Amino acid sequence: MSVLNYKECVGGGANTGYGSCYLDPKAIAMVILAPSTFRFTEAQLASKEAFLAALEAAISADLPQNRLYPTPPVEGITDNSEATVFATLGYGAQYPVRDGYYNIQYQFLKGGVCALKSLQAFNGSGWDAFLIDQDGTLIGRKDGKELAPAKLSFFFAPKWNMSDGTNPAGYFFALSMKPDSINKNIGFVSLDSGYIDDLMGLQNISLTLSVPRAAGVIRFKAAVGCAGIDMYDQYSAQLEDEDNFIVRNAAGTLVPITSVAANLATKDFTLTLDTTSPAYTLAGDYYVYGAAPSVLAGNGIEGYEILRLFVD
Amino acid sequence: MEQTVKFNKKALEGKTQQEFIEIHKSAYPDLDLAGEYEKLFPGQAEKPKIKIEKEAK
């Protein structure tokens with residue numbers, strides 16, 4: 001068929017009947033930030049079990065740029081969404097020009113400043129999001145036979161508000177998006193409402209030198225989160241494994257780790273480096289990296305990522 | 001000081017007992033490193049050279 005002077009017009013309307021069970025989103029309980037290229041594939045959407053496995057794997061993905069980042073549970077929202085924009089025509093009719101943007105501010109409490117700092121790292125970035133309501137319905141955007149995150153125009157986590165003595169300190173994040181993603185193109189998966197109670201992103205493990213570095217010896221303490229909770233008592237046996245750590249010199253060359261020790265008296269850990277390795281120099285700087293989250297999980301340290309330690 | 005040490009056998013393959021001791025002696029001064037090497041690589045420690053002197057006739 002020739003396309004010359006042809007305007008394709010889609011017939012409007014759709015059947016308006018409905019059954020006894022339908023999607024009626026409840027209050028949003030959680031937001032999951034996702035890379036804009038992220039998709040749940042057709043195979044992952046084939047069953048609830050496959051979907052949950054894919055969701056959990058994505059939350060602890062080894063590569064940060066491929067990972068999903070759940071926010072803390074949402075405790076309230078402020079809906080600043082834009083109203084539909086109408087133009088008033090000459091004879092008085094109101095012509096709908098466009099639907100308004102969703103502009104939602106979410107309040108949370110769990111995780112406090114620590115979680116807020118992490119969310120602020122996403123400010124201005126090009127991440128998209130899934131929403132989960134209190135019934136456990138995960139909402140995103142249908143992309144063919146796949147489920148994509150809803151497209152955000154922006155994400156912003158502002159500074160925390162101080163407690164006034166009557167209310168707790170306020171922690172918020174806001175997002176803005178066109179309505180298309182979760183209206184015309186909405187895609188969703190029904191999970192169990194209890195499932196989201198256990199949904200949490202990876203936690204950071206920070207390493208800090210416990211004594212000045214000596215020849216071939218690095219001693220450090222391991223702590224969780226920005227609150228710095230010492231991990232020794234709970235995880236000393238699991239952390240005492242050379243597979244949990246990677247040491248590189250300043251040029252990026254691997255320096256073999258010859259031993260790991262857990263020191264009970266000082267509640268710290270010792271790494272010894274192969275001082276006979278060509279990658280080792282007495283005066284060189286080193287970086288201690290954590291192994292991938294999947295390796296840590298395999299060693300019994302599930303749900304964590306070790307942040308890099310610079311040793312000069 | 002109570003301490004548990006896990007040696008990385010793979011990274012230490014091919015090291016002599018003397019090299020093993022040199023690498024670890026500052027980190028674990030109280031540990032019997034010669035004994036640890038023997039546990040990791042049984043029978044591979046260098047035997048002390050036996051000096052046989054001929055009896056003067």
Side-chain angles (χ1 to χ4, degrees), chain A residues 209-222 231-233 235-249 253-282 286 288 291 295 299-301 311, chain B:
Chain A
L209 287 178
S210 50
V211 296
R213 158 253 186 114
V217 182
I218 297 169
R219 278 181 59 174
F220 59 84
K221 292 180 85 72
M231 291 194 80
Y232 189 92
D233 288 335
Y235 285 103
S236 62
Q238 292 88 339
L239 280 167
E240 190 191 12
D241 189 318
E242 68 276 359
D243 291 340
N244 292 327
F245 304 99
I246 298 160
V247 177
R248 294 184 185 276
N249 63 18
T253 310
L254 276 173
V255 182
I257 296 168
T258 61
S259 74
V260 184
N263 310 311
L264 179 63
T266 46
K267 295 195 174 183
D268 63 358
F269 300 88
T270 301
L271 288 185
T272 56
L273 308 181
D274 183 357
T275 50
T276 67
S277 163
Y280 177 83
T281 56
L282 186 62
Y286 296 95
V288 180
V295 175
N299 285 338
I301 312 164
V311 183
Chain B
M1 185 172 74
E2 196 172 337
Q3 183 183 52
T4 55
V5 183
K6 188 179 174 200
F7 291 102
N8 183 1
K9 189 173 178 182
K10 195 175 165 189
L12 290 163
E13 293 278 0
K15 298 272 187 281
T16 65
Q17 187 187 53
Q18 192 54 41
E19 286 172 328
F20 177 84
I21 292 171
E22 283 298 320
I23 289 168
H24 298 110
K25 68 182 181 184
S26 66
Y28 314 121
D30 301 328
L31 208 59
D32 171 16
L33 290 170
E36 292 294 333
Y37 185 85
E38 184 58 29
K39 276 193 254 176
L40 271 180
F41 304 109
Q44 289 187 36
E46 289 172 9
K47 300 284 185 296
K49 288 175 183 165
I50 300 168
K51 199 174 180 181
I52 302 171
E53 290 179 9
K54 286 184 180 177
E55 284 181 20
K57 288 185 179 175

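Numbered from 1 within each chain, the chains take letters A, B, ... in sequence-line order. For clarity, every value in this text was computed on a predicted model and none was experimentally measured.
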**Q** Side chain, backbone, both or neither: which part of A/Leu271 has an atom under 4.5 Å from a heavy atom of chain B?
**A**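 Answer is neither: A/Leu271 stays 4.5 Å or more from chain B.
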
**Q** At a heavy-atom separation under 4.5 Å, does A/Ala214 approach chain B through its side chain, its backbone, both, or neither?
**A** neither

**Q** Give, as side chain, backbone, both or neither, the part of B/Lys10 having an atom under 4.5 angstrom from any heavy atom of chain A.
**A**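 It is neither, since no heavy atom gets under 4.5 Å.
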
**Q** So what's closer than 4.5 Å to chain B heavy atoms on A/Ala237: side chain, backbone, both or neither?
**A** neither

**Q** Can you tell which part of B/Ile23 gets under 4.5 Å to a heavy atom of chain A, answering side chain, backbone, both or neither?
**A**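 Backbone plus side chain of B/Ile23, per the 4.5 Å heavy-atom cut-off to chain A.
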
**Q** If you count heavy-atom pairs under 4.5 Å between each of A/Val260, A/Thr270, A/Thr272 and chain B, which one has the most?
**A**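 Winner by heavy-atom pair count: A/Val260.
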
**Q** Would you please test B/Glu22 and A/Thr275 for side chain to side chain contact (heavy atoms under 4.5 Å, CB included) and show each step?
**A** CA-CA 9 Å; B/Glu22 283 298 320; A/Thr275 50; 5.8 Å; no

**Q** Measuring heavy-atom distances to chain B, does A/Asp241 have an atom under 4.5 Å in its side chain, in its backbone, in both, or in neither?
**A** both

**Q** Please name the pair of heavy atoms, one in B/Ala11 and one in A/Ile257, separated by the smallest distance, quoted to 0.1 Å.
**A** CB-O, 3.4 Å

**Q** For B/Ser26 and A/Ala215, work out which heavy atoms get closest and say how close.
**A** OG-O, 3.9 Å

**Q** Look up atom CD in A/Glu240 and atom CD in B/Gln3, then write down how far apart they are to the nearest 0.5 Å.
**A**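 The CD atom of B/Gln3 is 8.5 Å from CD of A/Glu240, to the nearest 0.5 Å.
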
**Q** If you round to the nearest 0.5 Å, how far is CG of A/Leu264 from OG1 of B/Thr4?
**A**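 Rounded to the nearest 0.5 Å, the OG1-CG separation comes out at 8.5 Å.
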
**Q** Can you measure from OH (B/Tyr28) to CG (A/Asn263) and round to the nearest 0.5 angstrom?
**A** 7.5 Å

**Q** Quick one: pull up NZ in B/Lys6 and OG1 in A/Thr258 and give me the separation to the nearest 0.5 Å.
**A** 13.0 Å

